[in-house]
Amino acid sequence: SFPTRRSSDLANLKYPAAAKENNITGKVIVQFIIEKDGTISTPTIIRDEVGYGATDEVLRILKGMPSWKAGQQDGKIVRVQYTLPVKFKL
């Protein structure tokens, strides 16, 4: 099964002020590993269409997220690589 998250996890996302002032929208795509215990490790930004500190904000949110439900394969708990697009739109 796939790891799961709640959309409320992104509710505390703060739009970077400079991006807001300049009407900048776009996506930040982050990739990370969900460990067997549900913790997140090795977050890596794949794409940043926003700039203005949006990547720092996405990484801040990831650090504060509660543990995820770990992935399973053939009945065993496994590490899973996950890619998460985070949309910034006004």
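What you see below is based on every heavy atom in this structure, not just the backbone, and it leaves out hydrogens, waters and symmetry mates. For this chain, numbers begin at 1 and follow the sequence in order.
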Legend entry - Closest non-hydrogen atom pair, Tyr52 against Ala18: CD2-CB, 3.2 Å
Legend entry - Under 3.5 Å side-chain donor-acceptor pair for Thr44 and Gln31: no
Legend entry - Spacing of Phe88 atom CZ and Thr25 atom OG1 [to the nearest 0.5 Å]: 11.0 Å
Inset, instruction - Please name the pair of heavy atoms, one in Thr39 and one in Ser67, separated by the smallest distance, quoted to 0.1 Å. - result: CG2-OG, 4.2 Å
Legend entry - Side chain proximity check, Val58 to Asp56, heavy atoms < 4.5 angstrom: no
Legend entry - Closest non-hydrogen atom pair between Phe32 and Pro43, with its separation: CB-CA, 3.8 Å
Inset, instruction - Check Ala70 against Gly38 and note the closest heavy-atom contact, atom names and distance. - result: CB-N, 4.5 Å
Inset, instruction - Would you confirm whether Asp48, through its side chain, and Val50, through its main-chain N or O, come within 3.5 Å as a donor-acceptor pair? - result: yes
Inset, instruction - Answer yes or no: does atom CZ of Arg60 have more than 12 heavy-atom neighbours from other residues, nucleotides or ligands under 6.0 Å? - result: yes
Legend entry - Shortest non-hydrogen contact from Met65 toward Ile40: SD-CD1, 4.1 Å
Legend entry - Residues Lys14 and Glu57 bridged, charged N to O under 4.0 Å: no
Legend entry - Lys20: partners by side-chain contact (heavy atoms from CB on, under 4.5 Å), with sequence neighbours left out: Tyr15, Leu90
Legend entry - Verify same cluster id: Ile45, Ile34 (apolar side-chain graph, 4.5 Å): yes
Inset, instruction - State yes or no: do Leu13 and Ile29 share one hydrophobic cluster built from I, L, V, M, F, W and Y residues joined by side-chain heavy-atom distances below 4.5 Å, directly or via other members? - result: no
Inset, instruction - Applying salt bridge (charged side-chain N to carboxylate O under 4.0 Å, His left out), run through Lys27 and Glu49 and close with a yes or a no. - result: CA-CA 5 Å; Lys27 274 189 264 184; Glu49 299 174 351; 5.4 Å; no
Inset, instruction - Check the hydrophobic clustering (I, L, V, M, F, W, Y; side-chain heavy atoms under 4.5 Å; chains of links allowed) and say if Ile33 and Val30 are grouped together. - result: no
Legend entry - Rounded distance (nearest 0.5 Å) linking atom CZ of Arg79 with atom CD of Gln73: 13.5 Å
Inset, instruction - Please answer whether the main-chain N or O of Ile24 pairs with a side-chain N or O of Asn22 as donor and acceptor at a distance below 3.5 Å. - result: no
Legend entry - CD1 on Ile61 to CG on Asn12, rounded to 0.5 Å: 5.5 Å
